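See structure below.
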Amino acid sequence: MSIRVRYAPSPTGKQHIGGIRTALFDYFFARANNGTFILRIEDTDRERFHKDALQDIYDSFHWLGITWDEGPDKGGPFGPYLQSMRKDLYQNYALELIEKGAAYYCYCTPERLDSLRNEQQKRKKGETGYDRHCRDLTETERKSLEEKGTAKVIRLKIPLEGEVLFHDELLGDIKTMNKDINPDPVLLKSDGFPTYHLAHVVDDHLMEITHILRAQEWLSSAPLHILMFQAFGWKLPKFYHLPLVLGNDGHKLAKRHGSTSITEFREKGYLPEAIMNYVSLLGWSYDDSRVFFSKEDLEQLFSLEKLNKAPAVFDFKKLEWFNGQYIRKKSGKEIISLVKPYLKKAGFIHEPATEEEEKIIKGMIPLIHERLHVLSDVTELAGFLFHDPVLKDKNEFIPKRLDREKTLQVLEACAALLSDFDSRTDTENEESFRNKALELQVKLGDFLLPLRIALTGSRVSPPLFESIRLLGVEKTKERVKQALSFLSQE
RNA sequence: GUCUCCUUCGUCUAGUGGUCAGGACACCGGGUUUUCAUCCCGGCAGCAGGGGUUCGACUCCCCUAGGAGAUGCCA
């Protein structure tokens, strides 16, 4: 039987690292086994639904280059793939469960449920969850509630005794006493929409899903899902509860850990290759040493056997390292087009860029390429090529081993050296500067520092001589002049 | 509180009874160098604890501890 897997996000917020990791595993597993990858949108929570979130799912996937074989926009033999369009279907299945005695109507108001929960929390001990108030309503009680038009939901009737035993392909056999299962969870909400529990079981069956890969946060409700599969008399898919991705505080990854949504990573200048590579290594590995994997590699190499059970902490530093690696693999040409949007956004260049701007960009790439960790670093690194530096701290100019007088002297010497800068090669220039530094009894690094700051506004910059050539000697001279007067101010 | 899952360097991980416990990021040194970055070389650092099983346990079993998740008319 051919493999069919699905990624089933709910459009309630931006796609985060955790969800994408699951999606990637689904996708790679399908590709590596000539299976089918399905995208199903679980938009059954009408209150939390966001149109932008739906778009974000598509955007994130397109950007990463993940394609699906069946989905809302693509169609397929088991559609529609938008759960809100399958509403009636779920109602029928919920009714079927009632007929089978596996579910029942509940007329409890949200208010009653709230106060119930409050009391339970106050008590701290003992029972939690629904008290099964409506489970054994008599027919007459039910009828009178119906006549009053009380809103109702459908709840799953969890057996009071016994246990559920199921096998997780990753975690092994898992046994749960029925009394420990969430007491009678809601299947069909009062607005007629199903909850996740009902919807995914119905759809996974109808869509002939063979493997369910989902995060471990679902593990505790898995027994209840098993119960439903059994009540319907359906064949069980294989379950893989994937380890969670945690933030550096050890908790489930969430907004508070900074920007962990894919679109935010994208905006900061992370490459899809880097994200894909890094995220794939969260809870999965290939062998004892290989770390670089392209999408194509993963589409072939990925296997469920190499999955890890323990949760993984998301490490921004390592992602950044991967990103730097992938940036360095790009050609200069690629970097140019990758970096341009950031220059535009910063207001450094026009749209489209002028000829002069193009020239500068082309020239600066070799200088900044290997200094880039994320693409947005470009504005910091190359800003001085597009605007004069802001001089704000005199002490910045003064090297540790020098004082202000000496620094002024050094800067004057640099200005003098600059006059026939263009007539010399870089090697010759270096020699002249070196000689002058020697003459003034200053280390070359110290000698060049004030000039570097005059030019770029920072102690850290791309190589000096190349930078001077790029910006032009005339402009450099002006900046040195400004620096000189700034530094001589009392 | 209760239930469930998890536990190898700070982090991601390899390891499936006999290894000097391997790799990567981070970190710390050193080298290259006009700063930074890159690059190269080197280093620090781990089997949570306790019992078993076994000739032999990181590997198997039990207990303890710690962590996480769930406990919603959210997914």
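Just so we're clear, the structure is a prediction, and the values are computed from it rather than from any experiment. Each chain gets a letter, A, B and so on, in the order its sequence line appears, and its residues count up from 1.
- B:A45 makes up no base pair with any nucleotide shown, lacking Watson-Crick or G-U wobble contacts both under 3.5 Å.
- Using a 4.0 Å heavy-atom criterion, one finds that A:E111 contacts no nucleic acid atom at all.
- A:Y107 and A:Y105 have tilted rings, their planes meeting at an angle from 30° to 60° on a 0 to 90° scale.
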With the sugar-phosphate defined as primed atoms, P, OP1 and OP2, and the base as all remaining atoms, what B/S/- string results for nucleotides 26-33 of chain B, 5' to 3', for protein heavy atoms under 4.0 Å?
--------
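- Note on ring orientation: taking the six-membered ring where Trp is involved, the planes of A:Y286 and A:W284 are tilted (angle from 30° to 60°).
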Quiz: residues 49-58 of chain A side-chain donor-acceptor pairs under 3.5 angstrom, not counting sequence neighbours:
residue: A:Q55; atom: NE2; partner: A:D59; partner atom: OD1; Å: 3.0
residue: A:D56; atom: OD1; partner: A:T263; partner atom: OG1; Å: 3.2
residue: A:D56; atom: OD2; partner: A:Q15; partner atom: N; Å: 2.8

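- Classification of the A:F28-A:F302 ring pair by plane angle, with boundaries at 30° and 60°, yields tilted.
- Taking a pair to require two hydrogen-bonding distances under 3.5 Å in either a Watson-Crick or a G-U wobble arrangement, B:U7 pairs with B:A65.
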Does the protein touch nucleotides 3-9 of chain B at the base, only the backbone, or not at all? Give it as B, S and - per nucleotide, heavy atoms under 4.0 Å.
SSSSS--
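- Side-chain N/O atoms of A:R452 and base N/O atoms of B:U34 include a donor-acceptor pair closer than 3.5 Å.
- The base-pairing partner of B:C39, taking Watson-Crick or G-U wobble contacts with both distances under 3.5 Å, is B:G31.
- Nucleic acid contact for A:L444: sugar-phosphate only, since backbone atoms but no base atoms lie under 4.0 Å from a heavy atom of the residue.
- Straight-line distance between the P atoms of B:U11 and B:U7: roughly 14 Å, to the nearest whole Å.
- Across the C1' atoms, B:A14 and B:C73 are found 46 Å apart, a figure rounded to whole Å.
- Taking atom P in both B:C28 and B:A37, the straight-line distance is 11 Å, to the nearest Å.
- Using a 4.0 Å heavy-atom criterion, one finds that A:G283 contacts the sugar-phosphate atoms exclusively.
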Do any N or O atoms of the protein come closer than 3.5 Å to N or O atoms of nucleotides 71-75 of chain B, and which pairs are they?
residue: B:U71; atom: O2'; partner: A:T128; partner atom: OG1; Å: 3.0
residue: B:C73; atom: OP1; partner: A:R117; partner atom: NH2; Å: 3.2
residue: B:C73; atom: O2; partner: A:S190; partner atom: N; Å: 2.7
residue: B:C73; atom: O2; partner: A:S190; partner atom: OG; Å: 2.8
residue: B:C73; atom: N3; partner: A:S190; partner atom: OG; Å: 3.2
residue: B:C73; atom: N4; partner: A:C108; partner atom: O; Å: 3.0
residue: B:C74; atom: OP2; partner: A:K189; partner atom: NZ; Å: 2.8
residue: B:C74; atom: O2'; partner: A:D45; partner atom: OD2; Å: 2.9
residue: B:C74; atom: O2'; partner: A:R48; partner atom: NE; Å: 3.4
residue: B:C74; atom: O2'; partner: A:R48; partner atom: NH2; Å: 2.8
residue: B:C74; atom: O2; partner: A:R48; partner atom: NH2; Å: 3.1
residue: B:A75; atom: OP1; partner: A:T44; partner atom: OG1; Å: 3.0
residue: B:A75; atom: OP1; partner: A:K189; partner atom: NZ; Å: 2.7
residue: B:A75; atom: OP2; partner: A:Y196; partner atom: N; Å: 3.1
residue: B:A75; atom: O3'; partner: A:E42; partner atom: OE1; Å: 3.4
residue: B:A75; atom: O2'; partner: A:S10; partner atom: OG; Å: 3.2

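- When heavy atoms are screened at a 4.0 angstrom cut-off, A:H369 is found touching no nucleic acid atom at all.
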Atom pairs, N/O to N/O, protein against nucleotides 43-48 of chain B, distance under 3.5 Å?
none

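- Contacts of A:Y342 classified as ring-ring contact (aromatic ring centres under 6.0 Å, His included), with partners at least two apart in sequence or in another chain: none.
- Note on A:D297 versus A:R290: salt bridge recorded, some NZ/NE/NH1/NH2 to OD/OE distance being below 4.0 Å.
- B:C12 atom P lies 13 Å from atom CG of A:L244, rounded to whole Å.
- Residues passing the side chain to side chain donor-acceptor pair (under 3.5 Å) test with A:D377, sequence neighbours excluded: none.
- For the C1' atom pair drawn from B:G43 and B:G66, the interatomic distance equals 31 Å after rounding to whole Å.
- With sequence neighbours left out, the side chain to side chain contact (heavy atoms under 4.5 Å, CB included) criterion links A:L206 to A:R86, A:L89, A:Y93, A:V202.
- A:E47 is linked by a side chain to side chain donor-acceptor pair (under 3.5 Å) to nothing, counting only residues two or more places apart in sequence or in another chain.
- Annotation: ring-ring contact (aromatic ring centres under 6.0 Å, His included) contacts of A:H197 (sequence neighbours excluded): A:H225.
- Scanning for side chain to side chain donor-acceptor pair (under 3.5 Å) contacts around A:N429 gives A:R424, with sequence neighbours left out.
- Residues satisfying the ring-ring contact (aromatic ring centres under 6.0 Å, His included) criterion with A:F61, sequence neighbours excluded, are A:Y7, A:W68.
- As the counterpart of B:G1, B:U71 is assigned, both hydrogen-bonding distances of the Watson-Crick or G-U wobble pattern falling under 3.5 Å.
- Under 3.5 Å, the side chains of A:H369 and A:R328 contain no donor-acceptor pair of N or O atoms.
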